[in-house]
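One structure is given below, encoded as structure tokens.
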Amino acid sequence: MGKRLEKEGLDKFLKNSSKGGILVGPVITDMLRFQEIEDAGEICFEGNPTFGIKKFFVPPKNPILKFKGAKLLGVETPKKTVIFGARLCDTNSLLKTDQLYLNDYPDEDYKTRRENTVLMALACSESCNEYAFCKSMNDIGHYDLLFVDKGDYFYVDIGTEKGQRLVKNLKDAQETLPDIYPSTRALNKHNIRAYLDEKHWHKDRQNCLSCSRCSMVCPNCLCFDVTDVVDITLKNGERVRKWDSCQLKNFTTVAGGHVFREARFNRFRHFVFHKIQYFAEKYGSHMCTGCGRCIKHCPKTIDWPKTINELK
Amino acid sequence: MTKTLETKPYVIESKQKECEGIYLFRLKTPGLKYLPGQFFQVWAPAIGEAPISVASFEDDYLEMLIRDVGDVTKALCKLNKGDKLHLRGPYGTGYPMQWFENNQVIIIGGGTGVAPVRGVAKYVQANPEKYKGLEFFFGFRCPKDILMKQDIKEWQKECKVNLTVDKKEKGWNGPVGFVPQLLEKSTIDNKQKIVALCGPPVMINKCIEVLKTKGFNEDQLYVSLERHMKCGTGKCGHCMVQEKYVCCDGPVFRYDKIKHIIDE
Ligand code: SF4
Ligand code: SF4
Ligand code: FES
């Protein structure tokens with residue numbers, strides 16, 4: 001059974017839950033973004049930030065180790081964090097990230113960040129943008145707690161034991177969990193293997209600029225580059241993982257200069273197929289949670305899910 | 001720190017110049033286990049890592065061919081005997097040497113692509129009773145680019161080494177042309193044979209065409225793919241070819257498993 005939290009109790013609840021750590025929520029600054037907050041009053045309950053919560057788990061520039069000469073040292077693990085107000089497309093994407101980062105070569109930094117974070121998702125009452133198709137992605141809904149806006153109060157659904165411990169003192173809700181996804185358009189094909197050929201993608205292919213914005217805003221895009229960044233000694237420094245994108249030409253450059261996905265179309269196709277085909281073949285669900293950001297923020301508004309829907 | 005990011009230092013026992021800008025490093029690696037076809041991420045401190053494939057098969061030693069084409073490999077090539085190479089790995093699947101047993105192993109390599117398949121040859125030589133010998137098809141740009149000269153001399157004593165160069169130079173009496181042409185002229189058939197190929201994509205594709213006309217089945221052919229592996233652990237995405245991660249699912253693939261790849 002779910003819990004009930006009066007809206008005026010939210011600030012106290014969040015402060016209690018994040019004691020000893022930091023509290024993060026969506027706020028309006030130059031744009032709507034997730035950042036550390038002090039008070040629930042700062043939270044913006046409308047819309048979905050351009051950049052999701054991916055940055056708290058795989059930061060855009062993430063030092064994964066330090067080196068002094070040839071000696072490797074660990075880096076500090078991030079503090080306990082409570083993230084409030086992330087939408088399901090963001091929280092669900094973490095299940096996909098888990099597949100890569102907790103695979104046969106588990107990543108300690110990511111694991112610690114996951115363990116140290118409480119996910120308090122906020123259900124969407126309506127589609128946050130016209131391009132979203134989250135409802136059709138068949139994701140079960142991953143969160144520690146889910147907040148559903150009920151006017152004067154939140155209906156709070158419990159997703160995990162971690163969440164359960166935090167809501168022990170809240171009253172039980174009188175109703176059952178409503179539909180947690182807003183109504184959105186749908187992706188009508190979940191297997192597109194048969195459509196690898198260039199001819200199916202003619203329009204999108206001509207439009208794409210290879211700017212990589214789509215993968216920067218995507219909560220599920222995880223590709224990174226690795227570089228050693230040195231300090232003034234030129235001997236000591238950090239190994240840094242930086243967001244990278246398969247849409248960029250040099251992504252597949254090998255020693256000697258050969259580029260494997262040289263044609264722009266091949267890169268665009270890899271982007272789409274990794275999301276809607278390859279990942280699912282390996283892990284059983286898509287590397288896309290249907291948030292629509294990649295379309296909304298594409299300078300050419302390339303609506304590849306629409307292309308998929310129209311494939312014959 | 002994440003265990004799988006840790007590198008270990010190994011002492012360079014010798015460094016042999018193979019040709020301009022290409023060196024064979026021999027490392028003392030007590031207790032380190034690896035298979036031909038696998039690769040290591042080699043670290044040049046304060047510069048970065050580069051994926052380098054295994055070119056040997058030997059207990060307590062590891063050999064790697066390094067070409068000075070990028071920042072990392074340029075720094076590595078400056079190291080000398082007594083210095084240390086920092087490795088993490090091995091990564092990847094390697095050649096399934098057990099499955100090759102009771103076959104003759106045909107080794108096809110072009111340019112620096114001879115490094116991974118050299119490991120296969122060394123494995124066969126270390127276990128002669130399990131295999132029906134070796135035959136080589138190697139191609140290089142010109143005679144002065146020929147790599148592994150020492151080994152070629154050794155191999156010539158025991159088996160057939162077919163060697164070709166793209167461009168003739170004074171003093172070269174051997175064949176001139178590409179590896180696929182060399183294959184075409186040879187009389188090999190597919191009876192009890194396994195083929196290990198590594199080299200530029202064009203060479204691999206052409207060789208496979210020729211091998212098929214000679215009756216080889218796709219499941220007799222093993223190719224090693226080259227990609228710029230950045231993590232080696234199935235995360236960074238740089239090595240992907242369609243749904244396959246070259247760093248974990250490969251770099252060695254049986255040809256029939258990847259022939260559908262149209263990704264380049
Ligand atoms: S691919 Fe596009 S719709 Fe799917 S999760 Fe990424 S940004 Fe959202
Ligand atoms: S944002 Fe649009 S134009 Fe830019 S790479 Fe992505 S699909 Fe292409
Ligand atoms: S090298 Fe990073 S995923 Fe394969």
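Throughout, protein chains are lettered first and strands after them, A, B, ... in sequence-line order, and every chain is numbered starting at 1. Quick note: numbers below take in every heavy atom, side chains included, and nothing from hydrogens, waters or symmetry partners.
For A:Phe273, no part sits under 4.5 Å from any heavy atom of chain B, backbone or side chain. Heavy atoms of A:Asp225 lying under 4.5 Å from chain B belong to its backbone as well as its side chain. Of the atoms belonging to A:Ala263, not a single heavy atom falls under 4.5 Å from chain B. Both the backbone and the side chain of A:Val226 come within contact range of chain B, each with at least one heavy atom under 4.5 Å from a heavy atom of that chain.
B:Lys235 places a side-chain N or O within donor-acceptor distance of the main-chain N or O of A:Tyr105, the cut-off being under 3.5 Å. Remark: the backbone N or O of A:Phe251 is paired with a side-chain donor or acceptor of B:His238 at under 3.5 angstrom.
Contacts with chain A were tallied for B:Ala44, B:Gly234, B:Pro51, B:Pro9; B:Gly234 has the most, counting heavy-atom pairs under 4.5 Å. Most heavy-atom pairs under 4.5 Å with chain A, from the set B:Ala50, B:Gly237, B:Cys236: that is B:Cys236. Ranked by non-hydrogen atom pairs under 4.5 Å with chain B, the options A:Asp107, A:Thr252, A:Val58, A:Thr112 are led by A:Asp107. Most heavy-atom pairs under 4.5 Å with chain A, from the set B:Glu226, B:Met229, B:His86: that is B:Glu226.
For B:Lys149, the NZ atom sits in a packed shell: over 12 heavy atoms of surrounding residues, nucleotides or ligands are nearer than 6.0 Å. Within 6.0 Å of CZ in A:Arg193 there are more than 12 heavy atoms belonging to other residues, nucleotides or ligands. Around atom NZ of B:Lys206, no more than 12 heavy atoms belonging to other residues, nucleotides or ligands sit under 6.0 Å away. Around atom NZ of B:Lys257, no more than 12 heavy atoms belonging to other residues, nucleotides or ligands sit under 6.0 Å away. Within 6.0 Å of atom NZ in B:Lys28, more than 12 heavy atoms from other residues, nucleotides or ligands are found, so the atom counts as buried in its surroundings.
The structure places CG of A:Asn250 at 11.0 Å from NE2 of B:His228, a figure rounded to the nearest 0.5 Å. Here the CD-NE2 distance, from B:Gln242 to A:His270, works out to 9.0 Å after rounding to the nearest 0.5 Å. Here A:Arg239 contributes atom CZ and B:Thr7 contributes atom OG1; the two are 7.0 Å apart, rounded to the nearest 0.5 Å. Here the CE-SG distance, from B:Met240 to A:Cys223, works out to 7.5 Å after rounding to the nearest 0.5 Å. The line from OH of B:Tyr245 to CG of A:Asn103 is 9.0 Å long, rounded to the nearest 0.5 Å. Here NZ of B:Lys230 is found 10.0 Å from NZ of A:Lys242. Values are rounded to the nearest 0.5 Å.
A pairwise comparison of heavy atoms in B:Gly48 and A:Asp228 identifies N-OD2, 3.5 Å as the closest pair. Residue B:Trp43 comes nearest to A:Ala70 through the heavy atom pair CZ3-O, 3.5 Å, listed as atom of the first residue, atom of the second, then distance. The minimum heavy-atom distance between A:Leu72 and B:Leu5, with the atom names listed, is CD1-O, 3.9 Å.
At least one side-chain heavy atom of B:Arg227 sits under 4.5 Å from a side-chain heavy atom of A:Phe260. Contact check for A:Lys282 versus B:Asp249: side-chain heavy atoms found under the 4.5 Å cut-off.
Sequence neighbours left out, the pairs with a member in residues 92-101 of chain A that pass side-chain hydrogen bond (donor to acceptor under 3.5 Å, both in side chains) are A:Asn92-A:Tyr181, A:Lys96-A:Asp139, A:Lys96-A:Ser285, A:Asp98-A:Tyr110, A:Asp98-A:Arg114. Pairs engaging residues 65-84 of chain B under the side-chain hydrogen bond (donor to acceptor under 3.5 Å, both in side chains) rule: B:Lys15-B:Asn80 [sequence neighbours left out].
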